[in-house]
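What you see is a predicted model, and the numbers here were worked out from it, not measured in a lab. Heavy-atom basis, side chains included; hydrogens, waters and symmetry copies ignored.
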Amino acid sequence: MSRNKTHYLVTGAAGFIGFHTAEALLKGGEAVIGLDDLNEYYDVSLKQARLKLLKKYPNFKFYKADLCDLPKLKKIFADNKIVKVCHLAAQAGVRYSLENPFAYQKANLEGFLNLIEVAKDHKVANFVYASSSSVYGGNTKVPFAVEDNVNKPVSLYAATKRADELIAYTYHHLYKLPVTALRFFTVYGPYGRPDMALFKFTRAILANKPIEVYNFGRMQRDFTYVDDIVKGILSSLAKPYPYEIFNLGNSRTVELSYFIECLEKSLGRKAKKKYLKLQPGDVVKTFADIKHSKAKLGFKPQVKIEEGIDRFVDWYKEYYQIK
């Protein structure tokens, strides 16, 4: 890799959004340094498959590393000309935060602090990082706007993401580090996470097993296709702001029942449904106000839920060789 090019550090490069972001940068001719610890939160072979695709690009360099390993992180920065940081690594999942809270403390707090501290020391030109729509907690005012109060998270995952936003603001204030938070709204698409609804439902329906439908199906989500999310991320990386928070969502709510109908239609099978109550940490509705993102990032999501589900199902059948 040439040290004369702008080098992008993408953390979580073997993860769902990180993989798609790194690939988009590489296709655009950028030099990308990928970092991932390849942990076993979900099927590592899926992470390896993503990584295999990225390694085909000559301008990609990969480090297997944990953000909590501060000496190794410092060495990665010292050995590479990292100009922009795209921080997408995190311990994700609302429900898992009830089972293993310390995984979130390590990855989302200690790991985040390590990265932003080293990025500050190396005076990076832009620090863009993943936040989450979860920070809006139980807000009942919709759509969710970046100006809304976000001081009442309903899960530890959400609390760690809000803490990251506050840490980032502090680094902007003290050191003039350009930082941008991206609050993602229910991202889905090919090479997605197996712990998320679309992946779990597809697997269960094809196996003729029941799907778990929380809050008796009375849930609404602002499902956002991964390609649209990546466009927002690239826009954020291209234009550093002193300090910004953006919502990246489709800005359309979809009933869980309709979401399941679309999946059934795409698969050509009916789902067996097991209805359950609302789970601790879950919220009933998410809905992104994207006026700010449109104005400053030119963010305009294009993919509707019906098309996005079809694309995911096509990928799933090909990846798992299902006829």
Just do the salt bridge (charged side-chain N to carboxylate O under 4.0 Å, His left out) check on R50 and E23 with the steps written out, would you?
-> CA-CA 9 Å; R50 298 177 186 133; E23 187 176 51; over 6 Å; no
Quick one: do [X] and [Y] end up in the same hydrophobic cluster if we chain Ile, Leu, Val, Met, Phe, Trp and Tyr together by side-chain heavy atoms under 4.5 Å apart?
{"X": "Y57", "Y": "Y8", "result": "yes"}
{"X": "L98", "Y": "Y104", "result": "no"}
{"X": "L267", "Y": "L256", "result": "yes"}
{"X": "M196", "Y": "F259", "result": "no"}
{"X": "F112", "Y": "L70", "result": "yes"}

With a 6.0 Å cut-off on ring centres, are [X] and [Y] close enough?
{"X": "F312", "Y": "Y188", "answer": "no"}
{"X": "Y129", "Y": "H87", "answer": "no"}
{"X": "F144", "Y": "Y136", "answer": "yes"}

Do side-chain atoms of [X] reach the backbone of [Y] as a donor and acceptor pair under 3.5 angstrom?
{"X": "N126", "Y": "S236", "result": "yes"}
{"X": "Q279", "Y": "K277", "result": "yes"}
{"X": "S266", "Y": "C262", "result": "no"}
{"X": "T180", "Y": "V128", "result": "no"}
{"X": "D36", "Y": "L38", "result": "yes"}
{"X": "D222", "Y": "A288", "result": "yes"}
{"X": "N139", "Y": "N149", "result": "yes"}
{"X": "D148", "Y": "A145", "result": "yes"}
{"X": "N108", "Y": "Q91", "result": "yes"}
{"X": "N114", "Y": "L67", "result": "yes"}

Checking side-chain contact (heavy atoms from CB on, under 4.5 Å) for the pair L198/T202: CA distance, chi angles, key distance, verdict?
-> CA-CA 6 Å; L198 182 56; T202 300; 4.0 Å; yes
Write down the atom of [X], the atom of [Y], and the distance for their closest heavy-atom approach.
{"X": "V283", "Y": "M219", "result": "O-CE, 3.8 Å"}
{"X": "V124", "Y": "F77", "result": "CG1-CE2, 4.0 Å"}
{"X": "R162", "Y": "V135", "result": "N-CG1, 3.8 Å"}
{"X": "G189", "Y": "V226", "result": "CA-CG1, 4.2 Å"}
{"X": "P301", "Y": "I290", "result": "CD-CD1, 3.8 Å"}
{"X": "T224", "Y": "G249", "result": "OG1-CA, 3.3 Å"}

So does [X] have more than 12 non-hydrogen atoms from other groups sitting under 6.0 Å from [atom1]?
{"X": "K200", "atom1": "NZ", "result": "yes"}
{"X": "F102", "atom1": "CZ", "result": "no"}
{"X": "K317", "atom1": "NZ", "result": "yes"}
{"X": "K304", "atom1": "NZ", "result": "no"}

Taking atom [atom1] of [X] and atom [atom2] of [Y], what is their separation to the nearest 0.5 Å?
{"X": "E147", "Y": "I245", "atom1": "CD", "atom2": "CD1", "answer": "9.5 Å"}
{"X": "S133", "Y": "L182", "atom1": "OG", "atom2": "CG", "answer": "12.5 Å"}
{"X": "F62", "Y": "L51", "atom1": "CZ", "atom2": "CG", "answer": "4.5 Å"}
{"X": "L115", "Y": "L9", "atom1": "CG", "atom2": "CG", "answer": "6.5 Å"}
{"X": "T140", "Y": "K285", "atom1": "OG1", "atom2": "NZ", "answer": "10.5 Å"}
{"X": "N247", "Y": "F184", "atom1": "CG", "atom2": "CZ", "answer": "11.0 Å"}

Would you tell me whether [X] and [Y] have side-chain atoms, one donor and one acceptor, within less than 3.5 Å of each other?
{"X": "D79", "Y": "Y63", "answer": "no"}
{"X": "Y169", "Y": "D164", "answer": "no"}
{"X": "H7", "Y": "E30", "answer": "no"}

Taking the side chain as every heavy atom from C-beta outward, state whether [X] and [Y] have any atom pair closer than 4.5 Å.
{"X": "R183", "Y": "S131", "value": "yes"}
{"X": "N39", "Y": "K47", "value": "yes"}
{"X": "L46", "Y": "F199", "value": "yes"}
{"X": "Y241", "Y": "F246", "value": "yes"}
{"X": "Y320", "Y": "R203", "value": "yes"}
{"X": "I260", "Y": "V213", "value": "yes"}
{"X": "N215", "Y": "L276", "value": "no"}
{"X": "Q302", "Y": "Y225", "value": "no"}

Salt bridge (charged side-chain N to carboxylate O under 4.0 Å, His left out) partner of E264, chosen from K272, K270, R269 =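 Going through K272, K270, R269 one by one, the salt bridge (charged side-chain N to carboxylate O under 4.0 Å, His left out) with E264 is satisfied by K270 alone.
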Please determine if K120 forms a cation-pi arrangement with Y175, meaning its NZ or CZ atom is less than 6.0 Å from the six-membered ring centre and no more than 45° off the ring axis.
-> yes
Pair E307 + R311: basic N to acidic O under 4.0 Å |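 A salt bridge is present here (some side-chain N lies under 4.0 Å from a carboxylate O).
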Is it true that E212 and K273 have a side-chain N and a carboxylate O under 4.0 angstrom from each other?
-> no
Among F16, W315, Y42, Y316, ring pair (Phe, Tyr, Trp, His ring centres under 6.0 Å) partner for Y191 = W315
Test side-chain contact (heavy atoms from CB on, under 4.5 Å) on N80 and K61 and set out the steps.
-> CA-CA 10 Å; N80 298 278; K61 185 177 184 180; 2.9 Å; yes
What do the steps show when you test L35 against V10 for side-chain contact (heavy atoms from CB on, under 4.5 Å), and what is the final call?
-> CA-CA 6 Å; L35 184 153; V10 177; over 6 Å; no
